Amino acid sequence: MTRFDDYPFLRNVKSPITDVQLRPLDPRCRCVQFDSPLTESDHAKLAEFLGDYPTVPLRVYGHYSRPLPNLSFLRHYPFLSGFQVDVYHLETTEGIEELPESLEFFAFGQTKTRRISLGFLKRFSRLKELYLEGHTKTLDVISDLSHLEELTLRSISLPDLTLLLPLRHLWSLDIKLGGTTDLRLLPLIGELKYLELWMIRGLQDLSVIAEVTTLQNLLLQALKNVTALPSFRPLRCLRRVTLDTMKGLTDLSPVADAPALEELFVFAGNQLKPDDFRPFLGHPTLKAAVIGLGSLRKNDQVREILSLSDYSRTEFTYG
């Protein structure tokens, strides 16, 4: 069995850092991370190692047995292009100014304190990807990040999407949890190719999605109050749709209206019947589907209805 430390997409390090921990990274590695304090000498070792992998982000998380009061250790890493902090008991972002102004990726997980201001983000005006969970103090600083391409807001409620309007380069938007229900400005935000809406409290109306004509990939998950979708006929670029635990949906014909749809994923669709997939029969562009209706018999019936040669996930890239 492959040990977690050998997982190719992540590299975990701990003090004392050994040569084994600093063996060459797999080309697929997405981040190097540590969950407990490192010594000064180990930070120096790790910094020297990461210098050979300038595009691999550093992540700090955990630190439950010995709380991390601030981010002063970042003085060892003035070259990072990406940084992620997921430490619930973090008290202050002091030290984050050690990161370069050229930072392109930043992720900030939830903290116990809600008093941490996001004002420091102004310094990183070249950010391309931002993930925020639960942080709302000085949230309007997002509007100044004009180079943002990918944005995830988790456990954050907005009255509407006004503060995202200046983000002309935004192509990926994830809204997870929270209570952001006014999505009327979506068509005016950047040129969205990817949209993910997940477990948003109180969200009912998704009619605006039909106006996001640049959309290529749509994921809707656990939106229990959504009982209907608009026709996707205007979405001529839409190629992939994922519906996960969308218990209020029974009519899939609006999705079948998407003229360029290539891939359909339906998970935890126990409320659906095989006949609900007949609108996709003979769809001119549909190539692949993964369907989970809570029953092997029903899944097989859908397979027969769709008659697809490829009933599995295919590679997807943005045009």
Side-chain angles (χ1 to χ4, degrees), residues 9-10 30-31 33 35 57-64 68 71 82-91 93 96 103-121 124 127-145 148-167 170-183 185-186 189-190 192-204 206 208-209 212 215 217-226 242-246 267-268:
F9 302 104
L10 297 171
R30 296 195 302 264
C31 84
Q33 59 184 19
D35 67 351
L58 176 65
R59 177 180 181 237
V60 55
Y61 70 109
H63 284 72
Y64 298 113
L68 184 71
L71 302 175
F83 177 63
Q84 179 169 352
V85 54
D86 292 305
V87 178
Y88 183 68
H89 292 288
L90 185 72
E91 299 172 2
T93 57
I96 204 166
L103 196 73
E104 295 186 351
F105 162 73
F106 179 68
F108 195 8
Q110 189 174 21
T111 57
K112 182 177 181 179
T113 177
R114 296 179 177 272
R115 298 193 300 269
I116 296 178
S117 169
L118 296 173
F120 64 84
L121 288 175
F124 307 119
L127 277 179
K128 293 183 178 180
E129 183 177 355
L130 176 64
Y131 173 101
L132 295 174
E133 180 176 3
H135 295 282
T136 58
K137 188 173 181 180
T138 326
L139 184 63
D140 57 357
V141 70
I142 291 178
S143 298
D144 297 328
L145 304 177
L148 270 188
E149 298 177 359
E150 302 175 63
L151 175 63
T152 297
L153 300 176
R154 181 182 173 110
S155 299
I156 293 173
S157 297
L158 302 176
D160 57 37
L161 302 180
T162 300
L163 64 81
L164 307 186
L165 290 177
L167 307 182
L170 197 71
W171 63 263
S172 176
L173 177 62
D174 294 27
I175 302 178
K176 305 172 185 286
L177 297 170
T180 302
T181 59
D182 185 349
L183 304 180
L185 296 178
L186 267 179
I189 297 171
L192 293 179
K193 297 179 180 180
Y194 178 82
L195 176 64
E196 178 174 339
L197 304 175
W198 181 65
M199 205 179 290
I200 301 173
R201 184 178 60 253
L203 181 60
Q204 298 179 0
L206 295 183
V208 71
I209 289 178
V212 188
L215 203 59
N217 189 345
L218 173 66
L219 190 157
L220 305 176
Q221 183 173 358
L223 303 173
K224 64 180 182 179
N225 295 313
V226 172
T242 302
L243 304 174
D244 189 343
T245 321
M246 294 293 291
F267 304 116

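It should be emphasised that the depicted structure is a prediction, and the values quoted were computed from it without experimental measurement. All heavy atoms count here, side chains included; hydrogens, waters and symmetry mates do not.
Note: Y131 OH to T152 OG1 = 7.0 Å, rounded to the nearest 0.5 Å. The distance from atom CG of L192 to atom CG of N217, rounded to the nearest 0.5 Å, is 12.0 Å. One finds the NZ atom of K193 at 11.0 Å from the CG atom of L215 (value rounded to the nearest 0.5 Å). One distance of note links OG of S143 with CG of L148; it measures 10.0 Å at 0.5 Å rounding. Considering CD of Q84 and CZ of F106, their distance stands at 9.0 Å, rounded to 0.5 Å. Considering CH2 of W198 and CG of L220, their distance stands at 14.0 Å, rounded to 0.5 Å.
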Run the side-chain contact (heavy atoms from CB on, under 4.5 Å) check on V87 and L71 step by step: do they pass?
CA-CA 10 Å; V87 178; L71 302 175; over 6 Å; no
After noting the C-alpha distance and the side-chain angles of L223 and M246, does the key distance pass the side-chain contact (heavy atoms from CB on, under 4.5 Å) rule?
CA-CA 6 Å; L223 303 173; M246 294 293 291; 3.8 Å; yes
Apply side-chain contact (heavy atoms from CB on, under 4.5 Å) to T138 and D140, showing your working.
CA-CA 5 Å; T138 326; D140 57 357; 3.8 Å; yes
L153/I142 under side-chain contact (heavy atoms from CB on, under 4.5 Å): CA gap, chis, key distance, verdict:
CA-CA 11 Å; L153 300 176; I142 291 178; 4.0 Å; yes
Assess whether side chain to side chain donor-acceptor pair (under 3.5 Å) is satisfied between Q33 and D35, documenting all intermediate values.
CA-CA 7 Å; Q33 59 184 19; D35 67 351; over 6 Å; no
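In this structure, H135 and F108 have parallel ring planes: the angle between them is below the 30° cut-off, well short of the 60° mark.
Nearest heavy atom pair, residue A107 against residue F105, reads CB-CZ, 3.7 Å. I116 approaches L90 most closely through the heavy-atom pair CD1-O, 4.1 Å. The two atoms that bring T113 and E91 nearest to each other are CG2-O, 4.2 Å, heavy atoms only. Summarising the geometry of A268 relative to D244, their closest heavy-atom pair is CB-OD1, 4.3 Å, with the distance given to 0.1 Å. Residue V141 comes nearest to G119 through the heavy atom pair CG2-O, 4.4 Å, listed as atom of the first residue, atom of the second, then distance. Of all heavy-atom pairs between C31 and L10, the closest is SG-CD2, 3.3 Å.
No side-chain heavy atom of S172 sits less than 4.5 Å from a side-chain heavy atom of E129. The shortest side-chain heavy-atom distance between L164 and L185 does not fall under the 4.5 Å cut-off. Annotation: side chain of I175 is not in contact with side chain of L203 (no heavy-atom distance under 4.5 Å). When side chains are defined from C-beta on, D174 counts as touching Y194, because their heavy atoms get closer than 4.5 Å. Here the side chains of L183 and L206 are in contact, with some heavy-atom distance below 4.5 Å. Taking 4.5 Å as the limit, every side-chain heavy atom of I96 sits out of range of all side-chain heavy atoms of V85. Contact annotation: the side chain of L127 approaches that of L103 to within less than 4.5 Å [non-hydrogen atoms, C-beta and beyond]. Proximity of L173 to L167: side-chain heavy atoms (C-beta onward) are nowhere separated by under 4.5 Å.
Outside the 6.0 Å centre-distance limit, the rings of F83 and F124 are not counted as a close aromatic pair.
Residues satisfying the salt bridge (charged side-chain N to carboxylate O under 4.0 Å, His left out) test with D160, not counting sequence neighbours, are none. For E196, the salt bridge (charged side-chain N to carboxylate O under 4.0 Å, His left out) test picks out K176, with sequence neighbours left out.
Judged purely by atom type and a 3.5 angstrom limit, H63 has no side-chain atom pairing as donor or acceptor with the backbone of Y88. The closest donor-acceptor contact from the side chain of S155 to the backbone of L177 lies at 3.5 Å or more, if one exists at all. For the pair T180 (side chain) and L158 (backbone), a donor-acceptor distance under 3.5 Å is present.
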